[in-house]
Amino acid sequence: MNTQILGRIKRQWQFAADAMPQLICLVDRAGRVLHANRTLKRWRLGEVRWVHGVHLHDLLHPRCGNPCCYLRQFWQRTAAALVRDPRAEHEVWDPVLQKHLQICVQLPERGLDQDAAAEDFFAVVAIDDVTEARASEDKTREAAQVLNQRIEREKEKLAQAERVQSHLFTLLDRAPVLTAMADRSGALFYVNPAGRALLGLGAEEELSGLTLIACQAPSARACIAEDAMPAAERDGLWSGDSVLYSRDGREIRSHLTLVADRDGEGRLEGYSLLARDMSDWVRTEEALRATQNELWRLSAQHLTIQESERRRIAVDLHDGLGQTLSLVKLSIEEAARSLGGGTSGKVAAALERLGPTVKSALTELRRISMNLRPSTLDDLGILATLSWYFREFEAACPDIRLERDISAAEADVPDFLKISIFRIVQEATSNALKHAGAQCIKVCLRERNGSLELSIEDDGRGFDAAAGVSDFNHGLGLQSMQERAGLSGGDYELKSAPGEGTRIRVRWRVEELSQRTPAESFELSRVQVLRQPGPPDHHLLERLSQCFACMKTLGSK
């Protein structure tokens with residue numbers, strides 16, 4: 001009875017073993033197969049009834065001629081391992097079967113099966129095809145690797161974004177213009193140090209309650225609230241001029257740029273504000289406007305001076321040369337009538353009277369020419385011209401004492417400075433004579449430490465230099481001297497006070513002026529000549545000189 005039950009149980013286990021997907025083999029100590037389940041057939045390795053006594057290598061690799069095949073030494077290595085552990089597992093890639101195999105060798109419990117012992121049953125070898133599982137694991141591993149690579153890339157992007165953000169905030173903190181960030185409502189949550197300094201905020205002061213609108217002056221708050229924020233939300237960017245309002249109540253004219261910040265889906269997140277302080281620019285523009293107004297005023301005065309000088313020259317020519325030429329004309333007509341009447345004595349007398357008249361005309365012509373531009377300035381130099389002018393001044397004004405201190409040499413004065421020095425001396429002494437009522441005038445021209453210094457002092461009435469002058473002609477003369485000094489590269493200084501006389505000093509740095517290019521020096525001289533009141537009519541003077549020379553020759557004959 002027990003034998004029948006045991007046989008039925010064995011058949012049931014046999015059926016269960018045949019139904020298993022693993023290849024299960026009973027092997028002896030030499031590695032020969034005693035029995036195998038029906039998986040052998042499903043793997044197309046032969047029939048179960050033919051495997052008895054076949055070595056495990058020959059069962060799995062029936063036509064393998066490779067002496068180094070892993071299955072040839074498998075059993076020896078496994079048997080040695082089973083001495084230490086009753087279970088051994090291996091996982092290999094079988095190149096013949098083209099499968100990933102998991103081989104498990106298990107020793108049975110001895111004494112439980114006497115029949116097995118009679119058949120010299122040694123171990124159970126279970127071979128499982130794990131190719132699909134391994135492929136799935138490989139795919140999972142590959143997917144995990146891809147996922148890990150993506151994670152690493154995202155980490156790198158995140159780290160890079162953090163570095164960019166760090167650099168960005170470093171740049172914002174060092175930016176010289178106001179940079180601020182606000183939320184959707186306009187509440188500020190970041191202002192860089194330049195912005196804090198501009199708005200009068202402390203370095204650690206909280207920004208709670210401070211908004212974009214609150215940063216504007218009360219008179220300009222509608223700009224951001226009604227123009228900038230709606231335009232930036234609509235177009236993405238707004239730019240324009242406005243007035244900011246600091247904590248100390250100071251209004252700051254600024255050029256603003258407001259940018260709308262949006263998230264990836266296009267929703268408005270907040271605003272970024274850039275503001276450049278335009279106060280210096282506004283002051284510069286106002287100064288430029290004032291300079292332009294001053295230039296227009298000076299141009300008008302220049303035209304007035306020019307017309308005045310032309311009028312003076314016209315009067316000199318009419319009253320002086322005109323009268324003299326009229327006398328010459330009458331004398332010539334009288335001589336012609338006498339010559340026609342045959343009275344040679346009257347002709348000779350008329351021609352003799354022409355001599356002093358022509359001489360007077362030449363003297364008048366020389367005086368006008370010298371006033372326009374002294375010829376000695378080009379022929380003899382500035383020192384000789386000043387000496388001539390001083391002699392003429394002393395002859396014309398014997399009651400005024402003229403002191404001269406001319407220590408500079410002719411070589412110390414550049415050519416383009418000579419006319420400026422002469423005109424300044426001429427204008428200053430003329431002012432002292434006409435307006436100051438001076439009794440003593442001192443003119444000094446010296447060279448000192450590479451600089452040329454000209455000073456004219458008088459002991460006249462003086463005036464309040466800080467308040468300006470009311471006399472129009474006097475004011476034009478002072479401005480003319482200042483312009484000449486500035487155009488020639490000199491530093492102009494005027495000191496005067498009521499009852500204390502007037503002192504005019506001009507200083508030129510000759511070493512710096514000597515570095516000018518010839519073109520610059522020529523242009524400077526050309527500008528000075530153009531700005532001189534009443535430019536001379538050289539053709540008229542030349543014709544008059546030729547006429548008087550002819551008349552003088554005729555008179556001498």
Side-chain angles (χ1 to χ4, degrees), residues 154-293:
E154 293 299 327
K155 288 182 178 179
E156 180 62 26
K157 289 181 180 179
L158 181 60
Q160 186 176 3
E162 291 177 351
R163 290 194 297 269
V164 171
Q165 183 179 10
S166 176
H167 292 321
L168 177 61
F169 275 102
T170 300
L171 291 175
L172 293 179
D173 288 342
R174 296 181 179 179
V177 298
L178 183 151
T179 305
M181 298 180 186
D183 59 16
R184 295 179 57 186
S185 65
L188 295 175
F189 60 84
Y190 170 79
V191 178
N192 68 337
R196 288 178 175 271
L198 185 64
L199 298 177
L201 301 174
E204 303 297 333
E205 185 175 349
E206 293 292 335
L207 301 176
S208 57
L210 189 61
T211 64
L212 290 173
I213 300 175
C215 288
Q216 279 198 301
S219 59
R221 287 184 178 177
C223 178
I224 281 188
E226 298 180 4
D227 298 332
M229 295 176 69
E233 185 175 356
R234 181 183 65 253
D235 303 328
L237 176 69
W238 177 88
S239 180
D241 295 332
S242 184
V243 180
L244 297 182
Y245 192 66
S246 65
R247 283 290 177 88
D248 56 3
R250 182 170 51 94
E251 292 188 353
I252 307 162
R253 296 186 180 183
S254 305
H255 182 77
L256 306 182
T257 300
L258 190 66
V259 181
D261 301 325
R262 300 184 180 274
D263 58 13
E265 298 180 0
R267 292 189 297 266
L268 180 67
E269 288 187 332
Y271 300 92
S272 296
L273 176 68
L274 297 177
R276 182 180 296 276
D277 184 5
M278 304 298 290
S279 301
D280 293 340
W281 183 86
V282 171
R283 286 191 292 269
T284 302
E285 185 180 24
E286 292 175 350
L288 177 61
R289 189 179 298 110
T291 303
Q292 289 176 342
N293 294 335

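- Heavy atoms from other residues, nucleotides or ligands lying under 6.0 Å from CZ of Arg196 number more than 12.
- The nearest pair of heavy atoms linking Phe189 to Ala182 is CE2-C, 3.4 Å.
- Applying the salt bridge (charged side-chain N to carboxylate O under 4.0 Å, His left out) test to Glu285 and every residue at least two apart in sequence or in another chain returns Arg289.
- Between Leu198 atom CG and Asp277 atom CG the span is 5.0 Å, to the nearest 0.5 Å.
- Using a cutoff of 4.0 Å between basic side-chain nitrogens and carboxylate oxygens, Glu233 and Arg184 are not scored as salt-bridged.
- A donor-acceptor contact shorter than 3.5 Å is absent between the side chain of Asp235 and the backbone of Leu237.
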Item to check | Check against salt bridge (charged side-chain N to carboxylate O under 4.0 Å, His left out), Arg163 and Glu156 | outcome: CA-CA 10 Å; Arg163 290 194 297 269; Glu156 180 62 26; 3.3 Å; yes
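- Nearest heavy-atom pair, Met181 versus Ser272, reported as atom, atom and distance to 0.1 Å: CG-OG, 4.3 Å.
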Checklist entry - Yes or no on side-chain contact (heavy atoms from CB on, under 4.5 Å) for Glu251 and Tyr245, after CA distance, side-chain angles and deciding distance? => result CA-CA 5 Å; Glu251 292 188 353; Tyr245 192 66; 4.2 Å; yes
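- Scanning all heavy atoms of the two residues, the minimum distance from Asp173 to Tyr190 falls at OD1-OH, 2.7 Å.
- Between the CG atom of Asn192 and the CG atom of Leu178 there is a distance of 6.0 Å, given to the nearest 0.5 Å.
- Summarising the geometry, atom OG belonging to Ser185 is positioned 9.0 Å from atom OH belonging to Tyr271; distances are rounded to the nearest 0.5 Å.
- The neighbour count for Glu206 CD, taken as heavy atoms of other residues, nucleotides or ligands under 6.0 Å away, does not exceed 12.
- For Ser279 against Ile252, the heavy-atom pair with the smallest separation is OG-CG2, 3.8 Å.
- Minimum heavy-atom separation, Ser246 to Gly200: CB-N, 4.5 Å.
- If you take CG on Leu201 and SG on Cys215, they are separated by 7.5 Å, rounding to the nearest 0.5 Å.
- Trp281 CH2 to His255 NE2: the interatomic distance, rounded to the nearest 0.5 Å, is 10.5 Å.
- Between Leu273 and Leu256 there is a side-chain heavy-atom pair separated by less than 4.5 Å.
- What you find for Val191 and Gly195 is that their closest heavy atoms are CG1-C, 3.7 Å.
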Item to check | Stepwise side-chain contact (heavy atoms from CB on, under 4.5 Å) test for Met229 and Leu258 | outcome: CA-CA 7 Å; Met229 295 176 69; Leu258 190 66; 3.9 Å; yes
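- Separating the CG atom in Leu199 from the CZ atom in Arg250 is a distance of 8.5 Å, to the nearest 0.5 Å.
- Each of Thr211, Asp183, Leu212 was compared with Leu188 under the side chain to side chain contact (heavy atoms under 4.5 Å, CB included) criterion, and only Leu212 meets it.
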